[in-house]
> 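Mind looking over this structure? Questions follow.
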Amino acid sequence: MAFKSYMDVALEEARAAANRGEVPVGAVIVGPEGIIAQAGNQTRELNDPTAHAEVLAIRAACQALGQERLSGCDLYVTLEPCPMCAAAISNARIGRLYYGASDPKSGGVAQGPRVFSHSQCHHVPEVYDGIAAENSEQLLKEFFAERR
């Protein structure tokens, strides 16, 4: 079976988030049958600091499947997950994480606390970074350049 990336859908969610004035991060959760859930950041819209794209997509996927674990599912996200999101990914038992841009300031996977490396981490997904990284980085740079 050939690999199919869903990063284009995550990038669409990130663009939609930027258009709403949110930091442009998008996430998509995929199961064996295809897309289960997708979301973009909504922290400002919902006045909720936990409303990151990854958390919203995890919540929606769990609701759609009627279960609290997403074993066998993949997560595509445009930016390296922060520590909070990395912990949620672990708790949801997501099988594979694909992300675009690295996040030296707030990342929690390859940067900073490296959540999946801790002994307290109960589940470690397979991690693939750099997927459409240039597109993800460009979106973020443009978003923040407009606000400076």
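All figures in this text were calculated on a predicted structure; none of them were measured in a lab.
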> Are M84 and T50 side-chain neighbours, meaning at least one heavy-atom pair lies under 4.5 Å?
yes
> For A27, is there any backbone N or O sitting under 3.5 Å from a side-chain donor or acceptor partner on E54?
no
> With a 3.5 Å distance limit and no angle check, can you tell me whether S90 reaches the backbone of H123 through a side-chain donor-acceptor pair?
yes
> Assigning hydrophobic clusters by single linkage (Ile, Leu, Val, Met, Phe, Trp, Tyr; side-chain heavy-atom cutoff under 4.5 Å), is F116 placed with I29?
yes
> Between R96 and Y98, which heavy-atom pair has the shortest distance, and what is it?
CD-OH, 3.3 Å
> Evaluate the side-chain proximity of C85 to V55: yes if any heavy-atom separation is below 4.5 Å, no if none is.
yes
> Hey, what do you get for CG (N91) to SG (C121), rounding to the nearest 0.5 Å?
8.0 Å
> Which value, rounded to the nearest 0.5 Å, describes the distance between F143 atom CZ and R148 atom CZ?
10.0 Å
> As an exercise, state the distance from CD of E22 to CG of L46, rounded to the nearest 0.5 Å.
7.5 Å
> Would you say the side-chain atoms of S106 pair up with the backbone N or O of C82, donor to acceptor, closer than 3.5 Å?
no
> Verify the ring-centre separation between Y128 and F3: is it less than 6.0 angstrom?
no
> Is the CD atom of Q63 crowded by more than 12 outside heavy atoms at less than 6.0 Å?
no
> Around atom NZ of K105, are there more than 12 heavy atoms from other residues, nucleotides or ligands closer than 6.0 Å?
no
> Is any side-chain heavy atom of P81 closer than 4.5 Å to a side-chain heavy atom of L97?
yes
> Taking the side chain as every heavy atom from C-beta outward, state whether I89 and L75 have any pair of such atoms under 4.5 Å apart.
yes
> Only one of N135, I131, V28 passes side chain to side chain contact (heavy atoms under 4.5 Å, CB included) with M7; say which it is.
I131
> Under the 3.5 angstrom rule, does the side chain of E80 hit a backbone N or O of Q111 as a donor-acceptor pair?
yes
> Under a 4.5 Å cut-off applied to non-hydrogen side-chain atoms, are L79 and S136 in contact?
no
> What do you reckon, is CD of E126 surrounded by more than 12 foreign heavy atoms closer than 6.0 Å?
yes
> In Å, rounded to the nearest 0.5 Å, how long is the span from CG of N47 to CD of E45?
9.5 Å
> Assess whether side chain to side chain contact (heavy atoms under 4.5 Å, CB included) is satisfied between R44 and V23, documenting all intermediate values.
CA-CA 9 Å; R44 290 184 175 105; V23 174; 4.0 Å; yes
> Quick one: do E142 and Q138 satisfy side-chain hydrogen bond (donor to acceptor under 3.5 Å, both in side chains)? Show the steps, please.
CA-CA 6 Å; E142 289 172 5; Q138 189 61 37; 3.0 Å; yes
> For the residue pair H52 and V25, establish whether any side-chain heavy-atom pair is separated by less than 4.5 Å.
no
> Whether the side chain of N41 engages the backbone of A53 through a donor-acceptor N/O pair (distance < 3.5 Å, no angle test) should be reported.
yes
> Rounded to the nearest 0.5 Å, how far does CD1 of I94 lie from CD1 of I58?
4.0 Å
> Kindly indicate whether the side chain of V30, heavy atoms from C-beta on, has any atom under 4.5 Å from the side chain of Y76.
yes
> Would you call Q42 and D48 a side-chain contact if the rule is heavy atoms closer than 4.5 Å?
no
> To the nearest 0.5 Å, tell me how far L139 CG sits from T78 OG1.
7.5 Å
